[in-house]
Amino acid sequence: MSTKEQKTLYAYENEEERQLAHTIANTLYRYDQVEDNRISTLSDLTEEHVKQFWARGYLVVEQALSIEEVNTSLEAVMDILSGASTGTKIQFVKPRNELTTLEEIELAARKLSDYIDHEPRLRDIAYHPSIMEALGKLFGEEAKVAQDQAILKPPTGGAEKPWHQDMAYGPLAYDKAVIGLWTALDPAELDNGCMHVIPYSHREGGAPHYAVRDWQLCDRSVQVDHDVAVPLQPGGVLIFHGLLHHGTPPNFSAKRRRALQVHYAPISASKLTPKEYKRMFTNEMTGAEC
């Protein structure tokens, strides 16, 4: 059996799962609208870009990190997976005790989280001076880290992250807008699960989420016709509003797609009350069905 076949079988339990993934990729995402409005670097951020962010819900920066910073981040990610760097939480899609090699571990790792207190190389990225300065311009006040993650979509089977709003997840449910920075560590392209966004969708406010394939927007409510894909080269970043509708299709390619995702809140923001969270992001009070 070839390496590619091994990886494919590892990712999908059966042919039905594989076919469902292809159906999702072909019906809930489009690939003919690609974002071409981009800022060269974070230092190029202007007041006009700030206005554009709040109007459209996102900005794209071609090179937020240097290649050296990208490589250092990748080394940190791999050290976490190998166990050379400890303390970071790792979410696997298979039981950890079934994984014996580093390749198996990497293929089964979906997400790293809470690394800021344990991995100084990634903490330096989260608090990068140019990032904090840009966030200060966007928020109009100092930013604080609300959540730190690395999102891993392995080759030939990295799963979809369904359309959702980040603020619908409890740790990010604040009374003021949260801003996410999704930074590519590998080329994030149309065939390996780059980010997709619905421009202006943050203006609609919080929307009910449902436990379907994940905690997600109802598939029927996704405005697929307005989907814009955001391919990025390593070091490129998508800066997006916490209420923006976004998702990533499966990775059917033979390429890795690793990214850092850090969320920030304005320093004055407070967490939503449970009642307000339920009102905004669940169907508990309305009974609406997906």
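Worth knowing before you read on, the calculation uses all heavy atoms, side chains too, and leaves out hydrogens, waters and symmetry mates.
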For a quick test of reading the model, state the closest non-hydrogen atom pair linking [X] to [Y] and the distance between them.
{"X": "I90", "Y": "A109", "result": "CG2-CB, 4.1 Å"}
{"X": "C194", "Y": "P249", "result": "O-CD, 3.6 Å"}
{"X": "R220", "Y": "E289", "result": "NH2-O, 3.9 Å"}
{"X": "A184", "Y": "V70", "result": "O-CG2, 4.5 Å"}
{"X": "S73", "Y": "L260", "result": "OG-CD1, 4.0 Å"}
{"X": "Y29", "Y": "G247", "result": "CE2-C, 3.9 Å"}

Using side-chain contact (heavy atoms from CB on, under 4.5 Å), reason through E141 and K176 one step at a time and then give a plain yes or no.
CA-CA 12 Å; E141 61 177 292; K176 294 184 178 180; 3.8 Å; yes

Distance, nearest 0.5 Å, that separates [atom1] of [X] from [atom2] of [Y]:
{"X": "E284", "Y": "Y277", "atom1": "CD", "atom2": "OH", "value": "10.5 Å"}
{"X": "L244", "Y": "L238", "atom1": "CG", "atom2": "CG", "value": "7.5 Å"}
{"X": "I116", "Y": "Q149", "atom1": "CD1", "atom2": "CD", "value": "11.0 Å"}
{"X": "N251", "Y": "D191", "atom1": "CG", "atom2": "CG", "value": "7.0 Å"}
{"X": "L217", "Y": "Y210", "atom1": "CG", "atom2": "OH", "value": "9.5 Å"}

Same apolar cluster (I L V M F W Y, side chains within < 4.5 Å links), [X]/[Y]:
{"X": "L135", "Y": "V145", "result": "yes"}
{"X": "F240", "Y": "L45", "result": "no"}
{"X": "W182", "Y": "V60", "result": "yes"}
{"X": "I151", "Y": "I125", "result": "no"}
{"X": "V237", "Y": "Y58", "result": "no"}

Any chance the side chains of [X] and [Y] put a donor and an acceptor closer than 3.5 Å?
{"X": "Q223", "Y": "S201", "answer": "no"}
{"X": "H164", "Y": "H246", "answer": "yes"}
{"X": "E119", "Y": "T88", "answer": "no"}
{"X": "Q147", "Y": "Y169", "answer": "no"}

Take D225 and R30 through the side-chain contact (heavy atoms from CB on, under 4.5 Å) test and state the conclusion after the steps.
CA-CA 8 Å; D225 287 349; R30 59 184 298 170; 4.2 Å; yes

Is the distance between the ring centroids of H241 and W54 under 6.0 Å?
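Under 6.0 Å, so yes.
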
Are H22 and F252 an aromatic pair, judged by ring center distance below 6.0 Å?
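Yes, the ring of F252 comes within the 6.0 Å limit of the ring of H22, centre to centre.
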
Is a salt bridge present between [X] and [Y], judged by a nitrogen-to-oxygen distance below 4.0 Å?
{"X": "K89", "Y": "D114", "value": "yes"}
{"X": "D214", "Y": "K111", "value": "no"}
{"X": "R123", "Y": "D148", "value": "no"}

Just so I know, are the side chains of [X] and [Y] near enough to count as touching, which here means a heavy-atom distance under 4.5 Å?
{"X": "V262", "Y": "Y127", "result": "no"}
{"X": "H226", "Y": "H245", "result": "no"}
{"X": "K161", "Y": "R110", "result": "yes"}
{"X": "M167", "Y": "L272", "result": "no"}

Could you walk me through whether E133 and L42 pass the side-chain contact (heavy atoms from CB on, under 4.5 Å) test, one step at a time?
CA-CA 9 Å; E133 180 181 357; L42 286 169; over 6 Å; no

Take atom NZ in K278; do more than 12 heavy atoms of anything else shown fall under 6.0 Å from it?
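Atom NZ in K278 is not packed in, count stays at 12 or less.
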
So for atom CD, which belongs to Q233, do other residues, nucleotides or ligands contribute more than 12 heavy atoms lying within a distance under 6.0 Å?
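Yes, CD of Q233 has more than 12 neighbouring heavy atoms, counting only those of other groups under 6.0 Å.
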
Look only at the side chain of K94 and the backbone of L107, and say whether a donor-acceptor pair between them is shorter than 3.5 Å.
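No, because the side chain of K94 does not come within donor-acceptor range (under 3.5 Å) of the backbone of L107.
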
Step-by-step side-chain contact (heavy atoms from CB on, under 4.5 Å) determination, K255 to E189
CA-CA 10 Å; K255 300 175 291 188; E189 300 173 319; 2.4 Å; yes

Which residue is it: V178, L138, L172, L181? I am looking for the one with a side chain to side chain contact (heavy atoms under 4.5 Å, CB included) to Y264.
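Among the candidates, only L181 passes.
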
So among L232, L59, D44, which one has a side chain to side chain contact (heavy atoms under 4.5 Å, CB included) with R38?
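The option that passes is L232.
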
